[in-house]
Amino acid sequence: MSSVYSRLGPVTILTVFSLIAFRLADSQQVPLKVFISADMEGVADITNWKVDSQAGTRDYTQARRLMTLEVNAAAGAAFEAGAAEVTVADSHGDFINLDPELLDSRCHLVRGWPRALGMMEGLSPDTAAVVFIGYHAPEGTAKAMLAHTFTGSMTLRLNGKPVSEGSFNSAVAAEMHVPVVFLSGDDQAVADALANIGPIETVITKRALGFNAGVMTSPATVQRLIHDGVMRGIRHRGELHLSPPITPITREWRFNNVTQAELVSYLPNSTRVDAYSVRFSVSTMADGYRLLSVVDLVSSASRE
Ligand SMILES: [Zn+2]
């Protein structure tokens with residue numbers, strides 16, 4: 001009587017053993033956590049600043065629904081890719097936009113302002129992958145829809161280099177050694193991400209014709225593309241690495257308004273570089289985010 005092993009043959013036995021080993025390793029893996037930071041300007045069909053208002057406008061009501069559906073597409077893909085936990089940080093305006101009744105009920109929602117890590121609040125070092133939804137190009141980008149950096153009217157430099165919200169936030173993730181795997185937004189937001197974050201998965205939600213105009217892709221198509229892109233990004237997360245920023249980290253804000261720079265220069269440890277620019281040095285991106293929130297608030301007190 002031949003044993004089961006001899007009937008199976010060496011190759012099959014090897015396959016069986018490697019399958020068992022794979023299953024064991026798989027069952028020992030820590031639960032997969034995915035973090036989604038969702039902004040609004042880069043969501044499909046969002047074209048103007050009316051979306052920024054909570055005044056109950058027709059545009060805002062639809063915008064928050066479109067934003068929530070794009071987040072759901074990303075979250076659904078994350079769960080399909082094996083995520084045990086998905087945390088979503090509502091990261092537009094006052095950080096209260098996503099419709100909690102429409103949002104995928106399996107998600108944890110980070111909502112409200114202020115919060116220490118801003119658009120990245122809820123991210124922890126045991127997160128496996130970061131996803132950016134509805135992102136936009138930085139302040140000063142030509143022909144980019146709703147391009148700005150944080151509260152706008154300013155250019156932000158990180159270690160001397162101008163950054164978008166996407167590349168700033170990716171440095172926060174890099175400091176925790178978590179890869180950013182996906183970004184969606186208009187064509188200029190995507191170009192910025194590929195140039196400054198790395199070869200991540202991206203989806204172009206619309207092609208900019210100007211600050212308030214663009215050629216739209218239908219929301220249903222964009223949501224399908226986001227689903228597929230997030231899935232690919234999470235599967236390939238092991239290939240994506242970003243170096244944390246070199247410390248100490250310098251932050252330099254260039255405002256379009258002298259009074260804003262004046263006010264911000266009153267904060268401790270600042271250096272007034274010129275009439276419009278103020279520089280700070282911090283030891284971590286997390287410290288820098290707290291500073292950013294205060295600078296945003298102080299500078300917006302004198303916005304014209
Ligand atoms: Zn933004």
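Because the structure is a prediction, the values reported are computed rather than measured. Numbering of ligands and ligand atoms starts at 1, following listing order. Every heavy atom of this structure was used, including side-chain atoms; hydrogens, water molecules and symmetry mates were not. Numbers for residues simply follow the sequence, beginning at 1.
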Could you walk me through whether L102 and R64 satisfy the side-chain contact (heavy atoms from CB on, under 4.5 Å) test, starting with their C-alpha distance in whole Å, then the side-chain angles of each, then the deciding distance to 0.1 Å, before giving a yes or no? CA-CA 10 Å; L102 185 62; R64 66 191 295 241; over 6 Å; no
Side chain D90, main chain N97, donor-acceptor under 3.5 Å: yes
Between D186, T202, T205, N169, which is the residue that forms a side chain to side chain donor-acceptor pair (under 3.5 Å) with Y135? N169
Parallel, tilted or perpendicular: ring planes of F211 versus W49, cut at 30 and 60 degrees: tilted
Shortest-distance N/O/S atom, H136 versus the Zn ion (ligand 1): NE2
Restricting to N, O or S atoms of E165, which is nearest to the Zn ion (ligand 1)? OE1
Closest to the Zn ion (ligand 1), which N/O/S atom of D39 is it? OD2
